Amino acid sequence: MGVQYADSVIMDTIFYEYAGLFGSAFLAATVIPIYSEVVISAMAVSDRYDTLALLIWASTGNTLGSVVNWLIGRYCRHWRDRKWFPIKPHQLDRATEWFNKWGLWSLLLAWTPVLGDPLTFVAGILRVPFWTFLILVAISKTGRYAVLLGLVGWLF
């Protein structure tokens with residue numbers, strides 16, 4: 001009985017650690033300054049976690065965080081000129097320029113710092129179809145984490 005309990009505690013702990021990665025990746029896709037790359041890199045280096053699981057948890061969290069940005073852009077755009085609004089006008093202008101220049105394909109840059117979050121917000125404002133948005137952003141976010149995990153694996 002004691003061994004089963006210990007196994008259960010270990011499994012619960014690992015689940016919560018993956019959930020923490022998911023949360024950090026989710027928040028990193030918003031304007032909250034959290035760097036999920038540090039979290040996923042530390043977890044990968046520890047050799048306690050499955051690399052594919054790290055990729056799935058981080059990519060899913062980060063993509064869903066971008067979905068929140070899309071929803072805010074889609075349904076709350078009338079508040080964008082307020083001082084408290086999370087995306088500043090200059091970020092929004094720059095993202096809109098990128099989006100107008102490159103169209104839907106600019107969403108493949110959703111992984112980039114500074115530009116990525118406003119791009120996903122602009123996609124909501126411009127009413128990019130949800131499934132198109134989701135596919136392009138998921139490719140972008142998953143690709144970034146895959147490259148990062150590959151680099152971490154190669155370096156360590």
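What you see is a predicted model; the values in this text were computed from it and never measured. Values below: all heavy atoms of this structure, side chains included; hydrogens, waters and symmetry mates excluded.
Taking all atoms of both residues into account, the shortest heavy-atom contact from Tyr18 to Asp50 is OH-N, 3.1 Å. When every heavy atom of Met43 is checked against every heavy atom of Glu17, the shortest pair comes out as CE-O, 3.6 Å. Contact record, Gly103 with Ser106: O-OG, 2.7 Å, taken as the closest heavy-atom pair.
If you look at Phe121 and Trp70, their ring centroids are not closer than 6.0 Å. Two rings, from Trp57 and Phe15, have their centers less than 6.0 Å apart.
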Side-chain polar contacts of residues 21-32 - donor-acceptor pairs under 3.5 angstrom, sequence neighbours left out - could you list them?
{"unit_1": "Ser24", "atom_1": "OG", "unit_2": "Leu21", "atom_2": "O", "d": "3.0"}
{"unit_1": "Thr30", "atom_1": "OG1", "unit_2": "Leu27", "atom_2": "O", "d": "2.5"}
{"unit_1": "Thr30", "atom_1": "OG1", "unit_2": "Ile32", "atom_2": "N", "d": "3.3"}

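Note: Phe133 CZ to Thr63 OG1 = 8.5 Å, rounded to the nearest 0.5 Å. The distance from atom CG of Leu126 to atom CG of Asn100, rounded to the nearest 0.5 Å, is 6.5 Å. The line from CZ of Arg48 to CG of Leu54 is 11.0 Å long, rounded to the nearest 0.5 Å. Atom CG of residue Leu64 and atom NZ of residue Lys141 lie 10.5 Å apart, to the nearest 0.5 angstrom. Expressed to the nearest 0.5 Å, how far CG of Leu107 lies from OG of Ser140 amounts to 8.0 Å. Taking CD1 from Ile40 and OH from Tyr49, the interatomic distance works out to 11.5 Å, rounded to the nearest 0.5 Å.
Residues Leu149 and Val147 fall into different hydrophobic clusters, defined by Ile, Leu, Val, Met, Phe, Trp and Tyr side chains chained together at heavy-atom separations under 4.5 Å. Linking ILVMFWY residues whenever their side-chain heavy atoms come closer than 4.5 Å, directly or via other members, leaves Val38 and Phe156 in distinct clusters. Linking ILVMFWY residues whenever their side-chain heavy atoms come closer than 4.5 Å, directly or via other members, leaves Leu109 and Tyr35 in distinct clusters.
The side-chain contact (heavy atoms from CB on, under 4.5 Å) test with Asn69 singles out one residue from Leu119, Thr120, Val137, and that residue is Thr120. The one candidate from Leu134, Ile135, Leu136 that meets the side-chain contact (heavy atoms from CB on, under 4.5 Å) condition with Thr132 is Leu136.
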Should Phe130 and Val67 be marked as a side-chain contact (heavy atoms from CB on, under 4.5 Å) after you check the CA-CA gap, both sets of side-chain angles, and the distance that decides it?
CA-CA 9 Å; Phe130 178 74; Val67 168; 3.8 Å; yes
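For Asp117, there are no side chain to side chain donor-acceptor pair (under 3.5 Å) partners at least two apart in sequence or on another chain.
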